Number of protein chains: 2
Amino acid sequence: MTEKQEKILNAALELFAEEGFRNTSTSKVAKRAGVSEGLIFRHFENKDGLLEAIVREGEERAKHLFADIVLETDPKEVLRKTFNMGEKLNKSPETANFWKLQYKIKWELEDYMGHKLEPLERALESAFSKLNYPNPELEARFVLTTMDGFATRFYLDKGFDLESGMEFLRSKYGL
Amino acid sequence: MTEKQEKILNAALELFAEEGFRNTSTSKVAKRAGVSEGLIFRHFENKDGLLEAIVREGEERAKHLFADIVLETDPKEVLRKTFNMGEKLNKSPETANFWKLQYKIKWELEDYMGHKLEPLERALESAFSKLNYPNPELEARFVLTTMDGFATRFYLDKGFDLESGMEFLRSKYGL
DNA sequence: TACATTTGTAAGTGATTACTCACTTTTGTG
DNA sequence: CACAAAAGTGAGTAATCACTTACAAATGTA
(Lines give C-alpha, C1' and ligand atoms only; values in the text may rest on other atoms or scores of the structure.)
Protein backbone atom coordinates (compact mmCIF):
# COMPACT_ATOMS: atom_id res chain seq x y z
CA MET A 1 0.00 0.00 0.00
CA THR A 2 1.44 3.36 -1.06
CA GLU A 3 1.76 6.35 1.23
CA LYS A 4 -1.17 8.20 -0.32
CA GLN A 5 -3.32 5.10 -0.21
CA GLU A 6 -2.74 4.86 3.53
CA LYS A 7 -3.49 8.54 3.98
CA ILE A 8 -6.78 8.09 2.18
CA LEU A 9 -7.68 5.02 4.23
CA ASN A 10 -6.83 6.68 7.52
CA ALA A 11 -8.77 9.80 6.63
CA ALA A 12 -11.74 7.66 5.66
CA LEU A 13 -11.44 5.73 8.90
CA GLU A 14 -11.50 8.86 11.00
CA LEU A 15 -14.33 10.49 9.12
CA PHE A 16 -16.52 7.41 8.85
CA ALA A 17 -16.14 6.85 12.58
CA GLU A 18 -16.99 10.47 13.34
CA GLU A 19 -19.83 11.11 10.92
CA GLY A 20 -20.81 7.75 9.51
CA PHE A 21 -20.18 6.25 6.11
CA ARG A 22 -23.13 7.67 4.20
CA ASN A 23 -22.73 11.07 5.75
CA THR A 24 -19.08 11.41 4.77
CA SER A 25 -18.43 12.65 1.24
CA THR A 26 -15.50 11.53 -0.84
CA SER A 27 -14.49 15.17 -1.19
CA LYS A 28 -14.15 15.43 2.60
CA VAL A 29 -12.04 12.30 2.66
CA ALA A 30 -9.79 13.68 -0.07
CA LYS A 31 -9.43 16.98 1.73
CA ARG A 32 -8.45 15.38 5.05
CA ALA A 33 -6.08 12.98 3.32
CA GLY A 34 -4.52 15.87 1.42
CA VAL A 35 -4.99 14.33 -2.01
CA SER A 36 -7.18 15.00 -5.01
CA GLU A 37 -10.62 13.45 -4.99
CA GLY A 38 -9.96 11.54 -8.18
CA LEU A 39 -7.19 9.55 -6.52
CA ILE A 40 -9.67 7.88 -4.22
CA PHE A 41 -11.42 6.36 -7.20
CA ARG A 42 -8.20 5.36 -8.88
CA HIS A 43 -7.13 3.35 -5.86
CA PHE A 44 -10.43 2.14 -4.43
CA GLU A 45 -12.73 2.27 -7.46
CA ASN A 46 -15.83 3.16 -5.42
CA LYS A 47 -16.81 4.82 -2.21
CA ASP A 48 -17.89 1.29 -1.30
CA GLY A 49 -14.38 0.15 -2.10
CA LEU A 50 -13.16 2.31 0.75
CA LEU A 51 -15.54 0.58 3.13
CA GLU A 52 -14.49 -2.84 1.88
CA ALA A 53 -10.86 -2.02 2.60
CA ILE A 54 -11.81 -0.94 6.10
CA VAL A 55 -13.84 -4.08 6.72
CA ARG A 56 -10.93 -6.19 5.51
CA GLU A 57 -8.56 -4.45 7.90
CA GLY A 58 -11.07 -5.09 10.67
CA GLU A 59 -10.89 -8.78 9.96
CA GLU A 60 -7.10 -8.70 9.96
CA ARG A 61 -6.89 -6.85 13.23
CA ALA A 62 -9.49 -9.13 14.81
CA LYS A 63 -7.44 -12.17 13.85
CA HIS A 64 -4.38 -10.59 15.40
CA LEU A 65 -6.37 -9.74 18.52
CA PHE A 66 -7.54 -13.33 18.96
CA ALA A 67 -4.31 -15.04 17.97
CA ASP A 68 -3.04 -15.24 21.52
CA ILE A 69 -6.33 -16.61 22.83
CA VAL A 70 -7.10 -19.34 20.33
CA LEU A 71 -3.67 -20.91 20.91
CA GLU A 72 -4.15 -21.03 24.67
CA THR A 73 -4.91 -24.48 26.10
CA ASP A 74 -5.58 -23.64 29.73
CA PRO A 75 -9.34 -22.88 29.83
CA LYS A 76 -9.13 -20.40 32.71
CA GLU A 77 -6.44 -18.56 30.82
CA VAL A 78 -8.65 -18.43 27.72
CA LEU A 79 -11.35 -16.72 29.74
CA ARG A 80 -8.93 -14.40 31.47
CA LYS A 81 -7.40 -13.28 28.19
CA THR A 82 -10.83 -12.83 26.64
CA PHE A 83 -11.92 -10.59 29.47
CA ASN A 84 -8.71 -8.61 29.10
CA MET A 85 -9.52 -7.64 25.53
CA GLY A 86 -11.27 -4.53 26.74
CA GLU A 87 -7.93 -2.84 27.37
CA LYS A 88 -6.67 -3.75 23.93
CA LEU A 89 -9.58 -2.01 22.24
CA ASN A 90 -8.68 1.16 24.05
CA LYS A 91 -4.91 1.42 23.87
CA SER A 92 -4.68 4.52 21.71
CA PRO A 93 -7.27 7.00 20.40
CA GLU A 94 -6.60 5.57 16.94
CA THR A 95 -7.32 2.04 18.12
CA ALA A 96 -10.45 3.06 19.95
CA ASN A 97 -11.69 4.91 16.90
CA PHE A 98 -10.96 1.96 14.68
CA TRP A 99 -13.03 -0.49 16.71
CA LYS A 100 -15.79 1.99 17.22
CA LEU A 101 -16.05 2.24 13.47
CA GLN A 102 -16.21 -1.54 13.15
CA TYR A 103 -19.21 -1.56 15.47
CA LYS A 104 -20.81 1.35 13.68
CA ILE A 105 -20.37 -0.17 10.24
CA LYS A 106 -22.40 -3.20 11.23
CA TRP A 107 -25.54 -1.07 11.26
CA GLU A 108 -24.84 0.58 7.94
CA LEU A 109 -24.15 -2.75 6.30
CA GLU A 110 -26.83 -4.57 8.31
CA ASP A 111 -24.32 -7.34 8.81
CA TYR A 112 -23.29 -8.87 12.12
CA MET A 113 -19.96 -10.02 10.65
CA GLY A 114 -20.05 -13.00 12.95
CA HIS A 115 -17.44 -15.00 11.07
CA LYS A 116 -14.84 -12.60 12.44
CA LEU A 117 -15.63 -13.89 15.93
CA GLU A 118 -15.94 -17.56 15.09
CA PRO A 119 -12.42 -18.64 16.08
CA LEU A 120 -12.79 -16.88 19.41
CA GLU A 121 -16.22 -18.40 19.92
CA ARG A 122 -14.83 -21.88 19.36
CA ALA A 123 -11.95 -21.23 21.75
CA LEU A 124 -14.42 -20.18 24.43
CA GLU A 125 -16.61 -23.18 23.69
CA SER A 126 -13.67 -25.48 24.19
CA ALA A 127 -12.69 -23.70 27.39
CA PHE A 128 -16.16 -24.00 28.89
CA SER A 129 -16.26 -27.62 27.85
CA LYS A 130 -13.02 -28.30 29.76
CA LEU A 131 -14.46 -26.49 32.76
CA ASN A 132 -17.51 -28.80 32.63
CA TYR A 133 -20.06 -26.11 32.02
CA PRO A 134 -23.40 -27.74 31.13
CA ASN A 135 -23.85 -25.89 27.84
CA PRO A 136 -20.47 -24.71 26.49
CA GLU A 137 -21.87 -23.60 23.15
CA LEU A 138 -24.52 -21.31 24.62
CA GLU A 139 -22.13 -20.14 27.31
CA ALA A 140 -19.58 -19.06 24.70
CA ARG A 141 -22.18 -17.23 22.66
CA PHE A 142 -23.46 -15.62 25.83
CA VAL A 143 -20.03 -14.31 26.77
CA LEU A 144 -19.39 -12.85 23.33
CA THR A 145 -22.79 -11.23 23.06
CA THR A 146 -22.41 -9.75 26.51
CA MET A 147 -19.01 -8.35 25.68
CA ASP A 148 -20.48 -6.94 22.48
CA GLY A 149 -23.09 -5.22 24.60
CA PHE A 150 -20.44 -3.76 26.87
CA ALA A 151 -18.37 -2.56 23.94
CA THR A 152 -21.37 -0.99 22.24
CA ARG A 153 -22.27 0.85 25.37
CA PHE A 154 -18.66 1.89 25.88
CA TYR A 155 -18.52 3.51 22.46
CA LEU A 156 -21.88 5.28 22.77
CA ASP A 157 -22.01 6.21 26.43
CA LYS A 158 -19.13 8.48 27.42
CA GLY A 159 -19.61 7.84 31.11
CA PHE A 160 -19.50 4.06 30.84
CA ASP A 161 -16.54 2.34 32.44
CA LEU A 162 -15.62 -0.67 30.32
CA GLU A 163 -13.08 -2.03 32.75
CA SER A 164 -15.56 -2.31 35.61
CA GLY A 165 -17.80 -4.29 33.30
CA MET A 166 -14.97 -6.62 32.44
CA GLU A 167 -14.06 -6.96 36.11
CA PHE A 168 -17.65 -7.92 36.81
CA LEU A 169 -17.46 -10.60 34.14
CA ARG A 170 -14.24 -11.94 35.63
CA SER A 171 -15.87 -12.23 39.03
CA LYS A 172 -18.90 -13.97 37.48
CA TYR A 173 -16.60 -16.62 36.06
CA GLY A 174 -14.50 -16.93 39.21
CA LEU A 175 -11.30 -15.39 37.92
CA MET B 1 -51.72 13.86 14.85
CA THR B 2 -53.50 14.02 11.48
CA GLU B 3 -53.80 11.10 9.09
CA LYS B 4 -51.16 12.43 6.69
CA GLN B 5 -48.82 13.18 9.56
CA GLU B 6 -49.02 9.57 10.66
CA LYS B 7 -48.48 8.35 7.12
CA ILE B 8 -45.35 10.45 6.89
CA LEU B 9 -44.06 9.22 10.25
CA ASN B 10 -44.71 5.58 9.41
CA ALA B 11 -43.05 5.90 6.02
CA ALA B 12 -40.06 7.55 7.64
CA LEU B 13 -39.94 4.81 10.24
CA GLU B 14 -39.88 2.07 7.64
CA LEU B 15 -37.35 3.77 5.41
CA PHE B 16 -35.00 4.88 8.19
CA ALA B 17 -35.00 1.33 9.54
CA GLU B 18 -34.31 -0.13 6.12
CA GLU B 19 -31.75 2.30 4.75
CA GLY B 20 -30.71 4.49 7.64
CA PHE B 21 -31.54 8.08 8.42
CA ARG B 22 -28.88 9.87 6.40
CA ASN B 23 -29.35 7.60 3.44
CA THR B 24 -33.10 8.17 3.20
CA SER B 25 -34.15 11.27 1.29
CA THR B 26 -37.18 13.32 2.18
CA SER B 27 -38.45 12.77 -1.35
CA LYS B 28 -38.44 8.99 -0.75
CA VAL B 29 -40.35 9.45 2.47
CA ALA B 30 -42.92 11.62 0.72
CA LYS B 31 -43.32 9.10 -2.07
CA ARG B 32 -43.88 6.18 0.28
CA ALA B 33 -46.25 8.21 2.43
CA GLY B 34 -48.17 9.29 -0.67
CA VAL B 35 -47.92 13.00 0.04
CA SER B 36 -46.06 15.93 -1.43
CA GLU B 37 -42.55 16.51 -0.18
CA GLY B 38 -43.38 19.99 1.06
CA LEU B 39 -45.85 18.61 3.56
CA ILE B 40 -43.06 16.93 5.49
CA PHE B 41 -41.51 20.31 6.16
CA ARG B 42 -44.83 21.92 6.99
CA HIS B 43 -45.47 19.34 9.73
CA PHE B 44 -41.98 18.48 10.95
CA GLU B 45 -40.00 21.58 9.98
CA ASN B 46 -36.78 19.64 9.32
CA LYS B 47 -35.61 16.23 8.31
CA ASP B 48 -34.21 16.21 11.84
CA GLY B 49 -37.71 16.97 13.08
CA LEU B 50 -38.79 13.62 11.69
CA LEU B 51 -36.08 11.88 13.67
CA GLU B 52 -37.01 13.75 16.83
CA ALA B 53 -40.59 12.59 16.50
CA ILE B 54 -39.40 9.02 16.10
CA VAL B 55 -37.10 9.28 19.12
CA ARG B 56 -39.95 10.69 21.19
CA GLU B 57 -42.19 7.81 20.20
CA GLY B 58 -39.41 5.43 21.17
CA GLU B 59 -39.38 6.93 24.65
CA GLU B 60 -43.16 6.63 24.91
CA ARG B 61 -43.17 3.02 23.83
CA ALA B 62 -40.29 2.20 26.15
CA LYS B 63 -42.19 3.65 29.10
CA HIS B 64 -45.20 1.55 28.17
CA LEU B 65 -42.99 -1.51 27.83
CA PHE B 66 -41.52 -1.06 31.30
CA ALA B 67 -44.69 0.05 33.07
CA ASP B 68 -45.60 -3.45 34.13
CA ILE B 69 -42.12 -4.19 35.45
CA VAL B 70 -41.39 -1.09 37.49
CA LEU B 71 -44.63 -1.56 39.46
CA GLU B 72 -43.79 -5.15 40.34
CA THR B 73 -42.63 -5.71 43.94
CA ASP B 74 -41.69 -9.37 43.83
CA PRO B 75 -38.02 -9.37 42.78
CA LYS B 76 -38.14 -12.73 41.02
CA GLU B 77 -41.13 -11.50 39.07
CA VAL B 78 -39.22 -8.36 38.06
CA LEU B 79 -36.48 -10.51 36.60
CA ARG B 80 -38.91 -12.88 34.93
CA LYS B 81 -40.79 -10.04 33.27
CA THR B 82 -37.57 -8.40 32.19
CA PHE B 83 -36.39 -11.56 30.51
CA ASN B 84 -39.76 -11.87 28.80
CA MET B 85 -39.36 -8.57 27.01
CA GLY B 86 -37.73 -10.31 24.09
CA GLU B 87 -41.09 -11.53 22.89
CA LYS B 88 -42.61 -8.07 23.12
CA LEU B 89 -40.00 -6.60 20.81
CA ASN B 90 -40.95 -9.13 18.22
CA LYS B 91 -44.73 -9.31 18.24
CA SER B 92 -45.37 -7.91 14.77
CA PRO B 93 -43.11 -6.99 11.88
CA GLU B 94 -44.00 -3.36 12.56
CA THR B 95 -42.91 -3.66 16.19
CA ALA B 96 -39.70 -5.44 15.32
CA ASN B 97 -38.88 -2.78 12.74
CA PHE B 98 -39.62 -0.03 15.22
CA TRP B 99 -37.21 -1.30 17.84
CA LYS B 100 -34.59 -2.14 15.30
CA LEU B 101 -34.69 1.48 14.22
CA GLN B 102 -34.30 2.62 17.83
CA TYR B 103 -31.11 0.59 18.07
CA LYS B 104 -29.88 1.80 14.70
CA ILE B 105 -30.53 5.44 15.48
CA LYS B 106 -28.19 5.32 18.47
CA TRP B 107 -25.24 5.04 16.13
CA GLU B 108 -26.35 7.86 13.86
CA LEU B 109 -26.94 10.14 16.83
CA GLU B 110 -23.97 8.77 18.80
CA ASP B 111 -26.21 8.72 21.83
CA TYR B 112 -26.83 5.76 24.10
CA MET B 113 -30.19 7.19 25.20
CA GLY B 114 -29.67 5.63 28.59
CA HIS B 115 -32.30 7.73 30.36
CA LYS B 116 -34.92 5.66 28.56
CA LEU B 117 -33.72 2.60 30.49
CA GLU B 118 -33.22 4.26 33.83
CA PRO B 119 -36.55 3.27 35.43
CA LEU B 120 -36.01 -0.32 34.38
CA GLU B 121 -32.44 -0.21 35.67
CA ARG B 122 -33.62 0.99 39.06
CA ALA B 123 -36.31 -1.70 39.20
CA LEU B 124 -33.68 -4.35 38.53
CA GLU B 125 -31.36 -2.80 41.07
CA SER B 126 -34.05 -3.00 43.70
CA ALA B 127 -34.86 -6.57 42.76
CA PHE B 128 -31.24 -7.70 43.04
CA SER B 129 -30.99 -5.87 46.32
CA LYS B 130 -33.96 -7.81 47.70
CA LEU B 131 -32.39 -11.02 46.46
CA ASN B 132 -29.22 -10.16 48.41
CA TYR B 133 -26.92 -9.98 45.41
CA PRO B 134 -23.57 -8.51 46.53
CA ASN B 135 -23.58 -5.69 43.98
CA PRO B 136 -27.14 -4.89 42.83
CA GLU B 137 -26.16 -1.80 40.89
CA LEU B 138 -23.55 -3.52 38.77
CA GLU B 139 -25.75 -6.59 38.42
CA ALA B 140 -28.60 -4.48 37.03
CA ARG B 141 -26.35 -2.72 34.58
CA PHE B 142 -24.90 -6.05 33.58
CA VAL B 143 -28.32 -7.51 32.82
CA LEU B 144 -29.37 -4.54 30.72
CA THR B 145 -26.14 -4.39 28.78
CA THR B 146 -26.31 -8.10 28.12
CA MET B 147 -29.88 -7.85 26.88
CA ASP B 148 -28.80 -4.96 24.69
CA GLY B 149 -26.15 -7.20 23.24
CA PHE B 150 -28.69 -9.93 22.56
CA ALA B 151 -31.10 -7.49 20.94
CA THR B 152 -28.39 -5.96 18.78
CA ARG B 153 -27.34 -9.36 17.58
CA PHE B 154 -30.95 -10.34 17.00
CA TYR B 155 -31.53 -7.39 14.70
CA LEU B 156 -28.29 -7.83 12.75
CA ASP B 157 -27.90 -11.60 12.63
CA LYS B 158 -30.83 -13.27 10.91
CA GLY B 159 -29.97 -16.69 12.25
CA PHE B 160 -29.81 -15.58 15.89
CA ASP B 161 -32.49 -16.99 18.19
CA LEU B 162 -33.37 -14.32 20.73
CA GLU B 163 -35.58 -16.57 22.80
CA SER B 164 -32.84 -19.11 23.47
CA GLY B 165 -30.67 -16.24 24.69
CA MET B 166 -33.40 -15.10 27.04
CA GLU B 167 -33.93 -18.65 28.24
CA PHE B 168 -30.22 -18.86 28.98
CA LEU B 169 -30.47 -15.69 31.05
CA ARG B 170 -33.44 -17.09 32.95
CA SER B 171 -31.48 -20.20 33.83
CA LYS B 172 -28.48 -18.08 34.91
CA TYR B 173 -30.71 -16.28 37.38
CA GLY B 174 -32.47 -19.41 38.57
CA LEU B 175 -35.89 -18.73 37.08
C1' DT C 1 -72.63 32.79 3.63
C1' DA C 2 -68.06 35.11 4.48
C1' DC C 3 -63.54 34.79 5.53
C1' DA C 4 -59.44 33.50 8.10
C1' DT C 5 -56.62 29.52 9.23
C1' DT C 6 -54.83 25.25 8.34
C1' DT C 7 -53.56 21.66 5.19
C1' DG C 8 -51.79 20.42 0.99
C1' DT C 9 -49.37 20.77 -3.65
C1' DA C 10 -45.97 21.39 -7.57
C1' DA C 11 -42.37 23.53 -9.29
C1' DG C 12 -38.78 25.44 -8.21
C1' DT C 13 -33.80 26.74 -5.48
C1' DG C 14 -28.60 26.48 -4.79
C1' DA C 15 -25.61 23.24 -2.77
C1' DT C 16 -23.63 18.89 -2.65
C1' DT C 17 -23.13 14.21 -4.21
C1' DA C 18 -20.34 10.19 -6.31
C1' DC C 19 -17.86 9.73 -10.09
C1' DT C 20 -15.32 10.73 -14.90
C1' DC C 21 -12.03 12.44 -17.99
C1' DA C 22 -8.30 14.71 -20.13
C1' DC C 23 -4.20 15.73 -18.65
C1' DT C 24 0.60 16.02 -16.16
C1' DT C 25 4.04 14.07 -13.11
C1' DT C 26 6.52 10.34 -11.10
C1' DT C 27 8.43 5.92 -11.17
C1' DG C 28 10.18 1.51 -12.72
C1' DT C 29 12.76 -0.97 -16.26
C1' DG C 30 15.45 -2.29 -20.56
C1' DC D 1 18.66 7.61 -21.59
C1' DA D 2 14.04 6.13 -23.59
C1' DC D 3 9.62 5.15 -22.80
C1' DA D 4 5.70 2.75 -20.92
C1' DA D 5 3.04 2.16 -16.84
C1' DA D 6 1.44 3.93 -12.62
C1' DA D 7 0.30 7.73 -9.65
C1' DG D 8 -1.77 12.00 -9.18
C1' DT D 9 -4.47 16.25 -10.48
C1' DG D 10 -8.39 19.46 -11.10
C1' DA D 11 -12.08 20.77 -13.62
C1' DG D 12 -15.80 18.94 -15.12
C1' DT D 13 -20.63 15.89 -15.05
C1' DA D 14 -25.63 14.65 -14.21
C1' DA D 15 -28.18 13.42 -10.37
C1' DT D 16 -29.82 14.13 -6.03
C1' DC D 17 -30.10 16.58 -1.73
C1' DA D 18 -32.83 19.34 1.95
C1' DC D 19 -35.58 22.95 1.77
C1' DT D 20 -38.57 27.22 -0.11
C1' DT D 21 -42.15 29.54 -2.22
C1' DA D 22 -46.34 30.78 -4.50
C1' DC D 23 -50.50 29.18 -4.74
C1' DA D 24 -54.90 26.05 -4.30
C1' DA D 25 -58.07 23.22 -1.54
C1' DA D 26 -60.12 22.09 2.69
C1' DT D 27 -61.76 23.29 7.12
C1' DG D 28 -63.37 25.84 11.15
C1' DT D 29 -66.08 29.48 12.82
C1' DA D 30 -68.95 33.70 13.00
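Below, read A as the first sequence line, B as the second, and so on, with proteins coming before strands; counting in each chain starts at 1. Treat the numbers as computed from the prediction; the structure is a model and nothing was measured.
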### Query
Among A:Phe83, A:Phe142, A:Phe168, whose ring pair (Phe, Tyr, Trp, His ring centres under 6.0 Å) with A:Tyr173 holds?
A:Phe83
### Query
chain B on DNA chain C: first and last contacting nucleotide, 5' to 3', under 4.0 Å to a heavy atom?
C:dT7 to C:dT9
## Note on the structure
Here the gap from B:Leu162 atom CG to B:Met85 atom CE, rounded to the nearest 0.5 Å, amounts to 10.0 Å
### Query
Rounded to whole angstroms, how far apart are NZ on B:Lys4 and C1' on D:dT27?
14 Å
### Message
Can a donor-acceptor pair be found, under 3.5 Å and without considering hydrogens, that links the side chain of B:Lys130 to the backbone of B:Thr73?
### Response
yes
### Side-chain donor or acceptor of B:Thr24 paired with backbone N/O of B:Gly20 under 3.5 Å
yes
#### Entry: Spatial distance of atom CG (B:Asn23) from atom CG (B:Leu15) [nearest 0.5 Å]
10.5 Å
## Note on the structure
Hits for side-chain hydrogen bond (donor to acceptor under 3.5 Å, both in side chains) against A:Glu167, two or more places apart or cross-chain, chain-then-number order -> A:Arg170
### Message
For DNA chain D, which residues of residues 36-51 of chain A approach it to below 4.0 angstrom with any heavy atom?
### Response
A:Ser36, A:Gly38, A:Leu39, A:Arg42, A:His43
### Message
Expressed as a whole number of angstroms, how long is the span from A:Gln5:CD to D:dA6:P?
### Response
13 Å
#### Entry: Under 3.5 Å donor-acceptor, B:Arg22 side chain and B:Glu108 backbone
yes
### Query
If you measure from the Lys or Arg side-chain nitrogens to the Asp or Glu carboxylate oxygens, is any gap between A:Glu87 and A:Lys91 under 4.0 Å?
no
